[in-house]
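Below is one structure; the comments refer to it alone.
The residues of the chain are indexed from 1 along the displayed sequence. Worth knowing before you read on, the calculation uses all heavy atoms, side chains too, and leaves out hydrogens, waters and symmetry mates.
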Amino acid sequence: ASVREKQAAALKRMLNFNTSPLKNTAAEPVWKVLIYDRFGQDIISPLLAVKELRDMGITLHLLLHSDRDPIPDVPAIYFVMPTEENIDRICQDLRNQLYESYYLNFISAISRSKLEDIAGAALSANAVTQVTKVFDQYLNFITLEDDMFILCNQNKELISYHAINKPDIMDTEMEAIMDTIVDSLFCFFVTLGAVPIIRCPRGNAAEMVAVKLDKKLRENLRDARNSLFTGDNMGAGQFSFQRPLFVLADRNLDLATPLHHTWTYQALIHDVLDFHLNRVSMDESVGSEASPSGARPKKKNKKSYDLTAADKFWQKHKGSPFPEVAESVQEELDTYRAQEDEVKRLKSIMGLEGEDEGAISSISMSDNTAKLTSAVSSLPELLEKKRLIDLHTNVATAVLDHIKSRKLDVYFEYEEKLMSKSTLDKSLLDIISDPDAGTPEDKMRLFLIFYITALQPPSESDLDQYKKALLETGCDLSSLNYIKQWKAFTKIAATPSNYGNSGVKPMGLFSRVMNSGSQFVMEGVKHLVLKQHNLPVTRILDNLMEMKSNPETDDYRYFDPKMLRGSESSTPRNKNPFQEAIVFVVGGGNYIEYQNLVDYTKAKPGKRVLYGCSELFNAGQFIKQLSSLGQK
């Protein structure tokens, strides 16, 4: 079972009053209300659709801090963080006697003192019998894919790259950030039902997380009576004998990838559209008819689409290069149209449309009846197919508009060459000064990648020339100030993290690939094909998972929370390669790295790799963080 399935199962158990839902009962579910805070909402929404909630008997789902009317004869299930204000509000609900009974589920473990506050309120409100159960759910993380999770979406600025790396950070703040991260990771391993072997680099935030996580797991395992990793939870664990490897990486080991332009579907959507928690929101293109003069321009409708695990097209193509996606959408559309025509044809033969010729012989009649029956029964499926095709047509068209108007294919190809040290076919200055190529942010991203990956930093006079060109196109250079400090500080003595010999094979322009009847006008967009190459995070994982010796990872620390004495050793006891691994980037991650790990794992049958990060940002959001770090 993937961690996504395990988290969904835990939520379903919770919505069933913390008992396992019975499979075969035809009984009606008990009707109940679900009260959550924003954290709870973010955890549930990528996993359970409203329909699934309804099937489980949830008639209403409301935010804890909204105005809620009393519903005296239903049980209420709460799913909230154990914060001061949430506890106060729960106590207020008890005093106001809002519901028949209260099942309190805390996303993360609640402290003793806060429990006492609730008990006090229940006593004074005479509601002790109504508080039926109080549970710590240990679900404080968000699963976005079978093999991907993030820590939080609310208040993510508190554990962002900016928060961890700001120069004037105080030790107490740093401790608080690390505790927040560790609390979520602990929940992740409780849900996974496994105690990992932890590896991390030395001397950065990732190491602080590793030390704290090791301690927290160790303490929980010691306390045999209350350990979350023994008994029935573990029996269900999917790790028979092998424990997973947990690699903590630090964002600072690779700042180029998060700025990189990308070419795969999911990563492009995240880069150029508004995409988070598996939902993409975009302005609906309103018809271009001119509004009568003097009339207010039509307001654009926001439309949002969920890209889910149930969407087969998405599952198949989210990691594909964009040109392939465009072709596949077109193919799907053509097959759909053919099926639709078939239904129409049968209708007309059956005389359901127009006049009946009355000359239909009884043999073909029965034959066609069978065909029509099967056509009609496949209608719901057809309609769902149509919905998904429309969805991807809209999303892919929106992405394509960005690619064309900003020349993203040019940026992607040029950055790939920079990162793999290939020969460049045109000067960086030309792209920066080309008014038609990209936004100021695109230019800034390209230049930062050039600066980060350069073996020799550009000379002062060259740098001034670049800066002048960047300023002329309207770039904000504060992110460069930060990268300069970072580069001086990290002094990657060895070669700069080599990005593999990625190499993109340009396959000529698109004009011949797409047939003329296509929805997507790809004229002039380069048809780029990717070769598999490992990004730094994937390479580190590969070294540690396969037990390869490599100067990059040889001095990574090794923790085994199950060893009684916390004997710190960098020599792994386990000499066998791992089958399962989780990579977690402290300081934030992106879909490019995730996709790179997915591709790496595809080539390794029998291995499973999960990707996690403290927050998920796209290049634009990351540049903002770098800029505010670099403001003088």
Side-chain angles (χ1 to χ4, degrees), residues 49 51 145-146 263-269 273 275 278-280 282 284-285 287 303-354 364 366-404 507-530 595 598-599 602:
K51 181 183 176 308
E145 304 279 349
D146 282 337
W263 202 235
T264 56
Y265 192 31
Q266 184 173 33
L268 266 169
I269 292 175
L273 304 176
F275 178 57
N278 294 349
R279 171 169 293 173
V280 60
M282 37 197 249
E284 222 178 350
S285 47
K303 194 141 175 57
S304 60
Y305 302 108
D306 289 312
L307 297 170
T308 61
D311 176 344
K312 294 209 177 51
F313 184 88
W314 174 243
Q315 286 311 330
K316 185 171 167 197
H317 291 291
K318 62 182 187 215
S320 308
F322 185 74
E324 276 178 34
V325 176
E327 281 182 66
S328 307
V329 173
Q330 189 57 43
E331 282 164 20
E332 293 278 322
L333 193 60
D334 295 342
T335 10
Y336 169 76
R337 284 186 179 145
Q339 287 174 296
E340 198 180 39
D341 292 344
E342 174 66 0
V343 174
K344 284 187 185 144
R345 194 182 65 81
L346 285 166
K347 270 184 169 174
S348 67
I349 293 179
M350 296 294 286
L352 297 173
E353 271 171 12
S364 72
S366 62
D367 183 35
N368 281 319
T369 310
K371 277 191 186 159
L372 190 69
T373 317
S374 87
V376 170
S377 61
S378 65
L379 267 179
E381 205 178 306
L382 259 181
L383 288 170
E384 174 60 10
K385 211 172 190 174
K386 172 91 170 84
R387 185 184 72 81
L388 292 177
I389 293 171
D390 289 347
L391 183 163
H392 288 288
T393 306
N394 291 343
V395 172
T397 307
V399 171
L400 182 60
D401 290 345
H402 281 275
I403 293 178
K404 287 162 76 167
M507 301 275 286
L509 293 172
F510 256 98
S511 41
R512 358 171 231 98
V513 185
M514 305 299 275
N515 54 10
S516 49
S518 166
Q519 293 278 316
F520 299 100
V521 187
M522 295 293 248
E523 251 79 50
V525 175
K526 295 187 175 190
H527 187 35
L528 303 170
V529 181
L530 304 179
Q595 194 51 51
V598 170
D599 294 341
K602 274 193 192 129

Sequence neighbours excluded, which residues qualify as salt bridge (charged side-chain N to carboxylate O under 4.0 Å, His left out) partners of Glu145?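 Only Lys318 meet the salt bridge (charged side-chain N to carboxylate O under 4.0 Å, His left out) criterion with Glu145.
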Holding to salt bridge (charged side-chain N to carboxylate O under 4.0 Å, His left out), I want the full list of residues that pass it with Glu384, two or more places apart in sequence or in another chain.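 Residues passing salt bridge (charged side-chain N to carboxylate O under 4.0 Å, His left out) with Glu384: Arg387.
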Value rounded to 0.5 Å, distance of [atom1] in [X] from [atom2] in [Y]:
| X | Y | atom1 | atom2 | answer |
| --- | --- | --- | --- | --- |
| Leu333 | Ser328 | CG | OG | 12.0 Å |
| Ile389 | Asn394 | CD1 | CG | 12.0 Å |
| Tyr305 | Leu388 | OH | CG | 11.5 Å |
| Asn278 | Gln266 | CG | CD | 7.5 Å |

With a 4.5 Å limit on heavy-atom distance, are the side chains of Ser320 and Tyr265 in contact?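 The answer is no; the side chains never approach within 4.5 Å.
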Report the C-alpha separation of Ile269 and Leu307 in whole Å, then their side-chain angles, then the decisive distance to 0.1 Å, and conclude whether the side chain to side chain contact (heavy atoms under 4.5 Å, CB included) test is met. CA-CA 11 Å; Ile269 292 175; Leu307 297 170; 4.1 Å; yes
Please name all residues satisfying side-chain hydrogen bond (donor to acceptor under 3.5 Å, both in side chains) with [X], sequence neighbours left out, ordered by chain then number.
| X | answer |
| --- | --- |
| Lys385 | none |
| Gln339 | none |
| Asp599 | Gln595 |

Under the side-chain contact (heavy atoms from CB on, under 4.5 Å) rule, collect the residues that match up with [X], sequence neighbours excluded.
| X | answer |
| --- | --- |
| Glu331 | none |
| Lys386 | Tyr336, Asp390 |
| Thr335 | none |

Qualifying salt bridge (charged side-chain N to carboxylate O under 4.0 Å, His left out) pairs, either residue in residues 306-315, two or more places apart: Arg279-Asp306
What do the steps show when you test Ile403 against Leu268 for side chain to side chain contact (heavy atoms under 4.5 Å, CB included), and what is the final call? CA-CA 9 Å; Ile403 293 178; Leu268 266 169; 4.1 Å; yes
So, Arg337 and Glu340, do they make that salt bridge, N to O below 4.0 Å? no
If every non-hydrogen atom of Ala398 is compared with every non-hydrogen atom of Leu273, which pair is closest and at what distance?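 Minimum heavy-atom separation between Ala398 and Leu273: CB-CD2, 3.9 Å.
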Nearest heavy-atom approach of Pro323 to Trp263 is CD-NE1, 3.4 Å
Sorted by chain and residue number, the ring-ring contact (aromatic ring centres under 6.0 Å, His included) partners of Phe313 (sequence neighbours excluded) come out as His317, His392
Partner set under ring-ring contact (aromatic ring centres under 6.0 Å, His included) for Phe275, not counting sequence neighbours: Tyr591
